[in-house]
Amino acid sequence: MRVIRFTSIFITAIILILILNQHVHASFVNVVKIQGIINPASAEFLKYSIKKSDEEGASAIIIQLDTPGGLQSSMEDMVKDIMNSPLPIVVYVAPSGARAFSAGVFVTMAAHIAAMAPGTSIGAAHPVAIGSSMDKEMAKKAVNAAVSYIRSLAQKRGRNADWAENTVRNSISATAEEALNQYVIDMIATDIKDLMNKIDGKIVSTTKGKIRISTSGVEIRYVEMGLRHRILNALSDPNIAYILLLLGFYGLFFELASPGAVFPGVIGAICLILAFYALQTLPVNYAGVLLIILAIILFIAEIKVASHGLLTLGGIISMILGSLLLFHSSAPYMKVSLAVIIPSVLMTAGFFIFALGYAIKAQMKKPVTGMEGLIGEIGIAHTDIQPEGKVFVHGEYWNAFSNTPIKKGSRIKVKGIKDMKLEVEVFNN
């Protein structure tokens with residue numbers, strides 16, 4: 001009997017330890033910050049964060065959202081990850097002044113619990129033309145598809161599907177208070193701690209079944225983007241992609257202009273590879289790329305051809321147009337900023353016209369040292385030259401020859417050099 005009693009006590013103790021360990025592991029909530037444009041990097045970061053939180057045993061995930069919108073494909077990836085999350089997902093539009101526009105509305109609608117901080121806004125989810133122009137029929141299809149998608153999300157989470165449809169069709173938006181009154185979100189919270197208190201005890205349905213959220217007194221952990229995700233996120237910025245594209249072209253040009261330099265070619269190749277990665281994540285218009293290449297060709301041609309500035313003017317116009325057309329989107333956050341375009345165009349034009357032009361002129365300039373530097377110099381015939389003799393040029397005596405006789409003491413001019421002898425002729429003022 002003692003053995004049975006001891007065994008039962010031992011098993012009970014192990015069960016209690018396991019329960020306590022489970023409680024310890026689940027006594028924290030992960031906060032994932034998604035700020036800026038929704039792109040492949042942010043979508044991948046969210047997928048990683050959900051997986052990591054589930055493995056570590058987090059009780060819930062709070063996505064602190066602040067976005068003007070982003071790519072539809074990345075938004076859809078994020079929505080799928082949220083809808084299929086084994087953990088409760090809370091989307092919190094914060095801090096004050098933040099917004100969840102365009103793609104951000106879909107992400108918010110997909111959350112198990114949607115919350116906003118005071119002074120925030122949500123809406124303006126009308127689809128924008130990205131990647132190619134849409135005619136009226138295509139635009140209508142895109143809007144209808146987006147409406148169907150967002151209504152299904154709103155209905156799944158028990159939110160106002162009519163408002164969701166209206167924000168897609170008419171780009172309406174709402175403040176935090178308006179969104180709460182219209183059942184677009186579930187609550188308003190002043191900060192993370194207030195949010196934790198308000199979601200405590202809420203029951204949500206996940207892929208693991210119904211889960212009661214327990215956040216009372218739990219630890220708050222922030223999941224930060226690693227170096228890889230930060231780099232990918234930066235590369236998805238249109239301004240960064242534009243600068244990398246220009247640097248790549250410069251690097252390859254200098255490598256071709258000075259074969260064997262290696263360094264410009266390596267840097268140029270790296271920049272182009274990174275630029276091409278960025279371009280595949282953005283709505284690139286390759287007519288813009290071709291115009292930028294044409295601009296660089298025109299700048300180079302200006303150095304070789306005397307066009308009186310016409311080629312330079314054409315290059316500047318071509319680069320400005322190419323920069324403006326580089327990304328095809330009506331969304332301002334998907335375009336290159338004029339504050340980046342104008343300095344880049346002026347610096348490129350100035351570099352090719354002045355710096356590179358000066359270098360080429362220096363290469364073509366007549367040598368001023370060595371024997372080649374004597375060509376064109378004026379001297380005195382030290383002896384008669386019939387047809388050979390000696391001359392005094394540039395403070396030195398040289399062997400010289402001439403096709404016509406030259407008398408001693410005559411002023412001479414160096415015409416050329418042959419076999420270490422100066423070819424001279426009589427110099428007449």
Side-chain angles (χ1 to χ4, degrees), residues 246-269 271 292-319 343-429:
L246 291 184
L247 291 177
F249 286 146
Y250 298 157
L252 292 188
F253 169 76
F254 287 121
E255 183 62 33
L256 294 174
S258 303
V262 180
F263 181 75
V266 172
I267 296 299
C271 288
I292 293 173
I293 296 174
L294 175 62
I296 294 176
I297 293 173
L298 291 176
F299 290 142
I300 297 172
E302 177 64 47
I303 300 168
K304 303 287 187 178
V305 180
S307 70
H308 306 290
L310 291 177
L311 290 175
T312 299
L313 179 62
I316 291 174
I317 294 173
S318 180
M319 179 161 280
S344 298
V345 171
L346 294 178
M347 288 176 63
T348 301
F351 176 79
F352 277 101
I353 294 169
F354 296 106
L356 193 56
Y358 182 81
I360 292 177
K361 288 177 181 177
Q363 292 179 354
M364 299 174 63
K365 189 176 180 181
K366 183 177 74 69
V368 296
T369 59
M371 295 186 69
E372 290 79 6
L374 295 175
I375 297 175
E377 292 289 332
I378 308 300
I380 302 294
H382 184 64
T383 65
D384 290 336
I385 302 175
Q386 295 179 349
E388 295 187 356
K390 286 187 177 292
V391 296
F392 184 75
V393 181
H394 210 269
E396 297 177 317
Y397 292 100
W398 292 86
N399 292 324
F401 67 94
S402 175
N403 294 329
T404 58
I406 300 176
K407 291 184 179 181
K408 177 181 178 181
S410 300
R411 297 188 70 191
I412 56 91
K413 180 180 179 180
V414 180
K415 291 175 57 179
I417 301 171
K418 184 176 181 181
D419 298 331
M420 299 296 289
K421 293 180 181 180
L422 303 183
E423 182 182 0
V424 298
E425 62 181 0
V426 176
F427 178 72
N428 296 314
N429 290 334

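Bear in mind the structure is a predicted one, so any value in this text is a computation, not a measurement. These numbers come from the heavy atoms of this one structure, side chains and all, not from hydrogens, waters or symmetry mates.
- Here Ser402 pairs with Ile385, Thr404, Ile406, Val424 under the side-chain contact (heavy atoms from CB on, under 4.5 Å) rule; sequence neighbours left out.
- Annotation: side-chain contact (heavy atoms from CB on, under 4.5 Å) contacts of Leu247 (sequence neighbours excluded): Ile243, Tyr250, Cys271.
- Here the CG-CG distance, from Leu422 to Asn399, works out to 8.5 Å after rounding to the nearest 0.5 Å.
- In this structure Lys408 satisfies the side chain to side chain donor-acceptor pair (under 3.5 Å) test with no other residue, sequence neighbours excluded.
- Closest non-hydrogen pair, His382 versus Tyr397, comes out as ND1-CE2, 3.5 Å.
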Q) Can you list the steps and then say if Lys390 with Trp398 is a side-chain contact (heavy atoms from CB on, under 4.5 Å)? A) CA-CA 6 Å; Lys390 286 187 177 292; Trp398 292 86; over 6 Å; no
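- Applying the ring pair (Phe, Tyr, Trp, His ring centres under 6.0 Å) criterion to Phe263, with sequence neighbours excluded, gives no partner residue.
- A pairwise comparison of heavy atoms in Gly315 and Ala295 identifies O-CB, 3.2 Å as the closest pair.
- The side-chain contact (heavy atoms from CB on, under 4.5 Å) check on Ile293 picks up Phe249, Val289, Ile297, with sequence neighbours excluded.
- Taking the side chain as every heavy atom from C-beta outward, Leu246 and Met319 approach each other to under 4.5 Å.
- Listed by chain and number, the residues in a side chain to side chain donor-acceptor pair (under 3.5 Å) with Glu425 amount to none (sequence neighbours excluded).
- Closest approach of Ile375 and Lys415 over heavy atoms only: CG2-O, 3.9 Å.
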**Q.** Criterion side-chain contact (heavy atoms from CB on, under 4.5 Å) on Arg411 and Ile380, from CA distance to verdict
**A.** CA-CA 5 Å; Arg411 297 188 70 191; Ile380 302 294; 3.9 Å; yes
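- Leu313 meets the side-chain contact (heavy atoms from CB on, under 4.5 Å) test with Ile317; sequence neighbours excluded.
- With sequence neighbours excluded, no residue satisfies side chain to side chain donor-acceptor pair (under 3.5 Å) with Asn403.
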